[in-house]
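The block underneath contains the structure these notes are about, expressed in structure tokens.
Numbers here simply count residues along the sequence, with the first being 1.
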Amino acid sequence: MAHFNIKVAVQKFGNFLSSMVMPNISAFIAWGLITALFIPSGFLPNESLAKMVSPMVTFLLPILIGYTGGKLIHDHRGGVVGAIATMGVIVGSDIPMFLGAMIMGPFGGYVIKKFDQLIEGKIKAGFEMLVNNFSAGILGGLLAILSFLAIGPAVVVFTGWLVAGVDWLVGTGLLPLTSILIEPAKVLFLNNAINHGVLSPIALEQAKQTGSSILFLLESNPGPGLGVLLAYCIFGKGTAKRSAPGAVIIQFFGGIHEIYFPYILMKPMLFIAVILGGMSGVFTLVLLGGGLFAPASPGSIFAITAVTPHHASAYIANFAGVLVAAIVSFVVAAFILKTGKQSEENIEDAAKKMQEMKGKKSSVANVFASEPGTMPTNVNKIIFACDAGMGSSAMGASLLRKKVKEAGMNISVTNTAISNIPADAQIVITQEELTPRAKNKVPNAYHVSVDNFLSSPEYDSLLARLQDDGTDELHEIVEEAEEKVPGVRKHSIEPGIEEVEQADNELLREENVFLNQQFANKEEAIRFAGRALVKAGYVKESYIEAMIARDEMTSTYMGNDVAIPHGTEEAKKDVLKSGFTVLQIPDGVDFDGQKARLIFGIAGKDGTHLEILSGIAVTCSEMENIEKMVKATTARELMDIINVEKN
């Protein structure tokens, strides 16, 4: 357990550092292009335009990193204070302060976050803006002074140690051994922290003195990953082999190295291939004197070419370093693939594992999704599936059921947990991250992946295909989510008004509607919703952690500015009775890059929550209703918007 916790902590730390750099890659590219074009040895030497190079790398890039780091901790206020604090390390040193920015940016965000928590609810009306502005200015200024006097000099000393260490490695011929750390670290998403936090500042100093640095190529060399992917193209099996050629293009020409991580995770012995490939590439670069004069971001062969010093020997050295790394990695990977067992399904599982390690949605994970299957004829059953079967799938089923009914089609639309998908399911709809699990459960079904349960265009596309297949006769629709839990009684299709109102009053009470809330991040919001469910007597305390775990598994953001955090399938035992809590967040809270302004915390037991959840789903499918609920000034007003739509 301790080993697992350490591994998770390292992965989260690496992802956090990466999250400071990745949003600003375009700035690195802009600086790299200006450098490549206008410095004295560039393609188009221009003394005036070259004046931008030094200020961009000295001021712009570190401040952007510092702002992003602070914003990750405490939104815009954290970003501003983080940027101010970063200015101190910039001015207090004479080297590019990427590493200092990665320290002071998040620290500035943390300090202002703690201050805001300390004074929350203690400021007199009318003084909020005054306190907010002066507190950020004063704390930011103090942190800038601290970073100028202490943090900056400390980072300079630390960087000096690193430079001395690199010089020693180069002098003793041991620099290729760095691949033993760098290549595995890339798969743990520590690559950007290593490249831009440690290697780039040292490399920039070397480039200023000698015109280029080999350190720019230690992490960004695409050769090791290219060799593994080429080996899969020839010796792989199933989906892995079919997807490898496309991955080669994305990795080698697009520079997105994480595309090859699932292939490594699927076959951990391949770590040997990329390590040996990396070592061979670095040895070749050292031997031939290769290097770049600026970071290659992203690690594309085009980016490497653009920032290679403009003389033939440099191009030969750098291309040879990439080629040798690819050849060695290919030979070792081919041997491993030929002598080991391979499973056709593993690549999708590995891609999911990679995405879990990254801690957020991967931009390349959909490359590994297999074909959805063949559209069945005479469809009479559509299944919405999610992990627990109590939240997102129930909302999606409600919306599609309404569309099916309006189209006059004789198709049952139900929801269930993935583990309970019936074997005779014809069409299964899941969130993108859960589709591989659903395919493993019912491989013969037609699978549809959606990323927005509340307003996905896939619904209309699916109905259009079904109508083309001749299944549009007018029939009575099955309204009940009958697959939710085996053995549970069905509710009346048309319960009495008093019965519905009484049930709804118990499920969603005014005291469980919280207006005008603010949260620094989604975890804080989910925990607030979970505590409200506990206080209301709907769930046990342990359910809160299950809500966090469920959102980490796949985001509970549903689209249309709505999130519905709820527990995992295993946490159903912690639900005492069905109930809801509603959080109105006018300014929104970030859910993996999406803004949620309404959060419905859900506890579902025996399907008794599905009636009101259906109403919430239908209401939230219209942005007009979302705006009304976000602007509601009382809990009753917000609840009435849901009830009106239902009725």
If you measure from NZ on K114 to CD1 on I112, what distance do you get to the nearest 0.5 Å? 13.0 Å
Side-chain contact test, heavy atoms from C-beta onward, threshold under 4.5 Å: evaluate it for L139 versus F115 and give yes or no. yes
Where is the tightest heavy-atom contact between Y543 and G567, given as atom of each residue plus distance? OH-N, 2.9 Å
Rounded distance [0.5 Å steps], CZ in R527 versus CG in N521: 10.0 Å
Atom pair CD1/CD1 of I602 and I564 - distance to nearest 0.5 Å: 4.0 Å
Determine whether I65 and M102 make a side-chain contact, defined as any pair of heavy atoms from C-beta on separated by less than 4.5 Å. yes
Go through K595 and D590 one step at a time and tell me if the side chain to side chain contact (heavy atoms under 4.5 Å, CB included) criterion holds. CA-CA 5 Å; K595 182 173 68 173; D590 181 74; over 6 Å; no
Determine, for K631 against E637, whether the closest basic-nitrogen to carboxylate-oxygen distance falls under 4.0 angstrom. no
What distance separates I73 CD1 from Y110 OH, expressed to the nearest 0.5 Å? 9.5 Å
Over all atoms of both residues, closest heavy-atom pair of M639 and E510: SD-CG, 3.7 Å
Would you find more than 12 non-hydrogen atoms of other residues, nucleotides or ligands less than 6.0 Å from Q117 atom CD? yes
Quick one: pull up CD1 in I548 and CD in E523 and give me the separation to the nearest 0.5 Å. 4.5 Å
Can you name the closest pair of heavy atoms from G530 and V539 and give their distance? O-CG2, 4.4 Å
Shortest non-hydrogen separation from T581 to A532 and the atoms involved: OG1-CB, 3.7 Å
Using the rule given for side chain to side chain contact (heavy atoms under 4.5 Å, CB included), can you reason through V582 versus I599, listing the C-alpha separation, both sets of side-chain angles and the distance that settles it, and then say yes or no? CA-CA 6 Å; V582 183; I599 292 180; over 6 Å; no
Would a distance-only check, ignoring hydrogens and angles, find a side-chain to backbone donor-acceptor pair under 3.5 Å from Q584 to M629? yes
More than 12 heavy atoms of other residues, nucleotides or ligands under 6.0 Å from NZ of K573: is that the case? yes
Identified side-chain hydrogen bond (donor to acceptor under 3.5 Å, both in side chains) partner of Q518 from the options D116, D75, D587: D587
I want to check something: taking the side chain as every heavy atom from C-beta on, are F591 and D551 in contact at a cut-off of under 4.5 Å? yes
Assess the residue pair V81 and L143 against the criterion (side chain to side chain contact (heavy atoms under 4.5 Å, CB included)); give the C-alpha distance rounded to whole Å, side-chain angles, the decisive distance to 0.1 Å, and a yes or no. CA-CA 8 Å; V81 175; L143 290 173; 3.9 Å; yes
Do V131 and I119 have side chains that approach each other closer than 4.5 Å (heavy atoms only, starting at C-beta)? yes
Smallest heavy-atom separation, T86 atom then G105 atom, equals OG1-N, 3.8 Å
For side chain to side chain contact (heavy atoms under 4.5 Å, CB included), just list the numbers for R550 and E545, CA-CA rounded to whole Å, side-chain angles, deciding distance to a tenth of an Å, and then say yes or no. CA-CA 9 Å; R550 171 60 180 84; E545 293 303 322; over 6 Å; no
H76 and Y67 aromatic ring geometry - parallel, tilted or perpendicular at 30°/60° bounds: perpendicular
I want to check something: taking the side chain as every heavy atom from C-beta on, are P586 and Q517 in contact at a cut-off of under 4.5 Å? no
Quick check for you: to the nearest 0.5 Å, what is the distance between I383 atom CD1 and H447 atom NE2? 11.5 Å
If you count the non-hydrogen atoms of other residues, nucleotides and ligands that lie under 6.0 Å from CZ in F528, is the total more than 12? yes
Out of I585, L638, V630, T633, which one pairs with L515 under the side-chain contact (heavy atoms from CB on, under 4.5 Å) rule? L638
Might you point out which heavy atoms bring P565 and M547 nearest each other, and give the distance in Å? O-CE, 3.5 Å
Report yes if some heavy atom in the side chain of L598 is under 4.5 Å from a heavy atom in the side chain of L583; otherwise report no. no
Check: N132 main-chain N/O paired with R77 side-chain donor or acceptor under 3.5 Å: yes
E511 atom CD, neighbour heavy-atom count above 12 within 6.0 Å: yes
So I429 and I382, do their side chains get closer than 4.5 Å, heavy atoms only? yes
